[in-house]
Amino acid sequence: MTGKLVDIRNLSVRFKGKRTVHAINDVSLSMEQGETLALLGESGSGKSVTLKTLLGLLPPKRSEIDGSIHVNGVDVLSLRGKALAKYRGGEVSMVFQEPALALDPVFTVGHQIAESVRRHKGVSRDEAMSVALDMLDRVRIPSANRRLHNYPHELSGGMRQRVMIALALACRPRLLLADEPTTALDATVQIQILLLLRELQKEFGMGVIFVTHDIGVAVEISERVAVMYAGQIFEEGTTREIIREGRHPYTQGLLAANLHDVEQGQRLNAIPGAPPALESKPDGCSFAPRCPKALPECTAGLPPMLMPAPRRRVACIRAGEPVVAE
Amino acid sequence: MSATEDVGYDPTPDTGGPAQPLIKVQNLKKYFPVRGGPLGRVQAQVQAVDGVSFDVAKGETLGIVGESGCGKSTTAKLLIGLTERDQGDIIFDGLALGEKLSLKDLRRGVQMVFQDSYATLNPRMTIEASVAFGARVQGLDKPEDRARKLMDRVGLDPARFAHRYPHELSGGQRQRVNIARALAMSPRLVVLDEAVSALDKSVEAQVLNLLNDLRAEFGLTYIFISHDLNVVRYISDRILVMYLGEVVEVAPVASIWAEQAHPYTRSLFSAMPSMDPDNRTKEPPLSGDPPNPINPPSGCRFHTRCRFKADVCKTKTPKLAGLSVNAKHMVACHLHDADSGHPKAGQGVPS
């Protein structure tokens with residue numbers, strides 16, 4: 001199948017329980033084959049929930065999902081049982097923020113990679129082990145032969161994240177989901193992992209969705225950026241467009257809060273307030289209470305989606321106005 | 001200043017005048033024993049802080065940066081006596097801790113704000129009780145009054161928040177509570193250990209603005225520990241770089257931003273994401289993780305990862321010394337010491 005790698009249409013996710021949380025509200029998103037997209041947003045913006053929905057990881061009893069998700073033409077939301085197991089790890093796999101928690105402490109890393117290869121490819125134990133060794137080499141783990149027989153606790157944080165990546169890519173997925181994989185790492189290790197992911201992405205030609213709260217990381221890893229807030233996508237475009245001419249006031253606020261090139265001691269243009277609680281479905285712009293440019297119309301109805309260029313969109317009434325020089 | 005009188009901020013009086021550093025740390029050392037084996041004997045030592053010296057002038061903000069395990073948090077804890085030091089002197093406004101200055105008096109003058117805003121608040125105490133607690137222990141008058149005024153000052157309406165519990169607050173609000181609690185003692189020095197790192201970017205900017213305001217209003221001195229170089233540059237006057245328990249470079253912000261004298265500092269700075277989509281980082285500045293602080297490398301501790309290492313780096317420990325062009329810019333590297341015996345000594349770090 002050629003065509004879109006990911007096609008999410010009007011996705012909404014609600015969590016039921018003592019109180020209802022509208023985690024994702026009417027999100028549409030599409031990706032071509034081999035693209036790298038960064039989902040940028042603060043905590044509670046719904047970026048991790050989007051990834052988990054893509055992998056079918058949400059608890060079915062407590063979550064209500066509307067809309068459709070297609071990955072390579074496969075309807076993800078209808079997958080059950082064996083088909084779902086084959087899809088997870090085969091077609092799409094995920095790298096988590098905390099590799100120490102995501103890896104099984106009682107098996108060697110080689111064993112864990114080989115197990116996933118045997119499950120998906122049905123090869124023998126020895127063949128799977130040699131795939132595991134090859135993967136550890138590819139993620140540039142020194143003396144991979146020895147590391148194959150190490151347990152996760154014997155590895156450093158950066159090394160564990162490399163193992164996570166090797167595990168995720170062992171079955172050559174078409175799409176890699178990365179949920180803040182470098183947030184827990186030191187800056188010097190973070191940049192190594194980012195560059196490694198960039199190389200592997202080119203080598204394997206897979207698509208990557210990279211969730212992050214750090215604009216700098218998004219710039220280093222991705223071609224395209226989607227900015228999320230309160231379970232919605234506020235702005236989407238190429239990384240260049242978002243960084244150079246972010247149109248949404250929230251994007252502009254995030255860029256200012258990055259402190260890159262801010263005069264020392266100068267007062268910061270902080271966005272006041274805090275993100276909204278998602279207890280009800282938004283009926284106006286969710287950013288309006290914090291927005292410096294808000295108009296009365298902003299709270300009256302959902303903001304229109306402006307599309308100034310192909311594959312570029314901004315959800316703001318005032319996005320059409322000329323951009324004021326910073 | 002009328003606002004100051006409002007809050008009732010009364011720090012201990014200044015003794016040595018502006019020329020005397022507010023805090024002076026000399027040759028501070030802390031080794032943690034690693035026990036193991038059937039008898040629980042000491043098998044090795046983590047050299048968390050090894051011979052750290054620096055001073056902070058009154059009203060100055062010193063930023064401390066480094067990778068995890070470099071000893072920045074241990075240094076902070078030693079400063080307020082949360083961890084007992086093995087060796088070294090801590091001199092607060094001319095009074096040495098343990099001689100003329102008791103731990104209780106030190107804590108009246110030095111307070112700390114930690115990274116995890118939730119773990120540092122007692123879940124069974126209301127916000128007001130938490131903020132007032134320290135002031136009561138120190139025997140300051142009207143601790144509750146003080147607490148309410150400070151809550152108001154950090155942007156939390158006392159009428160709404162005083163009787164709430166920590167779990168009812170957002171991360172940004174909790175960090176404001178922690179700041180109010182630190183200020184309730186009217187300290188002169190506040191140690192901020194990754195105090196904004198766990199916050200979302202938009203909230204982080206609000207808290208940084210608040211910290212700037214408080215510093216101006218109460219004449220505070222900060223030690224600001226963070227791994228985010230942009231934040232450190234924004235708030236600090238000087239930056240101190242640590243690596244494996246040692247200070248490798250200290251310099252005024254403008255000077256270190258223009259020219260990093262230590263190869264490690266340079267790597268750390270180039271590890272920052274570029275923010276320019278057309279000019280992304282091509283090569284990682286350092287390979288591998290930082291070495292284990294148990295049995296750190298001999299000589300210069302950075303030599304195992306340094307591109308410019310020579311034989312002398314493996315045997316001789318470099319000393320912190322001012323650069324010839326700017327004596328305030330101090331660095332511990334053989335490349336800058338003409339007599340070190342490094343083949344490229346005295347030429348500075350090659351680009």
Is [X] close to chain B through its backbone or its side chain, or both, or neither, when contacts mean heavy atoms under 4.5 Å?
X        : value
A/Ile215 : both
A/Ser222 : backbone
A/Leu254 : side chain
A/Ile221 : backbone

Contact residues of residues 158-167 of chain A (partner chain B; heavy-atom separation under 4.5 angstrom): A/Gly158, A/Met159

Does any pair with a residue in residues 242-252 of chain B pass salt bridge (charged side-chain N to carboxylate O under 4.0 Å, His left out), and if so which ones, sequence neighbours excluded? B/Glu246-B/Arg301

Output the option from [options] having the highest count of non-hydrogen pairs under 4.5 Å with chain A.
options                                : answer
B/Val231, B/Leu268, B/Asp278           : B/Asp278
B/Leu208, B/Asn292, B/Asn209, B/Leu229 : B/Asn209
B/Asp276, B/Val253, B/Thr61            : B/Asp276

Heavy-atom proximity to chain A below 4.5 Å, by part of B/Gln173: neither

Regarding A/Asp214 and B/Lys201, does a basic nitrogen lie under 4.0 Å from an acidic carboxylate oxygen? no

Of all of [options], which one pairs up most often with chain B through heavy atoms under 4.5 Å apart?
options                                : value
A/Thr188, A/Ile242, A/Leu194, A/Ile271 : A/Thr188
A/Asn269, A/Leu195, A/Leu196, A/Thr183 : A/Leu195
A/Arg198, A/Glu223, A/Gln190           : A/Arg198

Worked verdict on B/Ser287 versus A/Arg140 for side chain to side chain donor-acceptor pair (under 3.5 Å): CA-CA 10 Å; B/Ser287 57; A/Arg140 324 266 186 289; over 6 Å; no

Identify, with sequence neighbours excluded, every residue that meets side-chain hydrogen bond (donor to acceptor under 3.5 Å, both in side chains) alongside B/Ser117. B/Arg174

Return yes when atom CZ of A/Arg311 has more than 12 non-hydrogen atoms of other residues, nucleotides or ligands closer than 6.0 Å, and no otherwise. yes

Does atom CD of B/Glu283 have more than 12 heavy-atom neighbours, drawn from other residues, nucleotides or ligands, at distances under 6.0 Å? no

Working note: A/Glu220 + B/Thr281, criterion side chain to side chain donor-acceptor pair (under 3.5 Å); need CA distance, chi angles, decisive distance, verdict. CA-CA 7 Å; A/Glu220 286 289 352; B/Thr281 311; 2.5 Å; yes

Does anything in residues 234-245 of chain B reach chain A? List residues with heavy atoms under 4.5 Å apart, or say none. B/Tyr234, B/Ser236, B/Asp237

Are the side chains of A/Val219 and B/Pro273 in contact, using a 4.5 Å heavy-atom criterion? no

Going from OG on B/Ser274 to CD1 on A/Ile243, what distance comes out if it is rounded to the nearest 0.5 angstrom? 9.0 Å

In Å and rounded to the nearest 0.5 Å, what is the CG to SG distance from A/Asp186 to B/Cys70? 8.5 Å

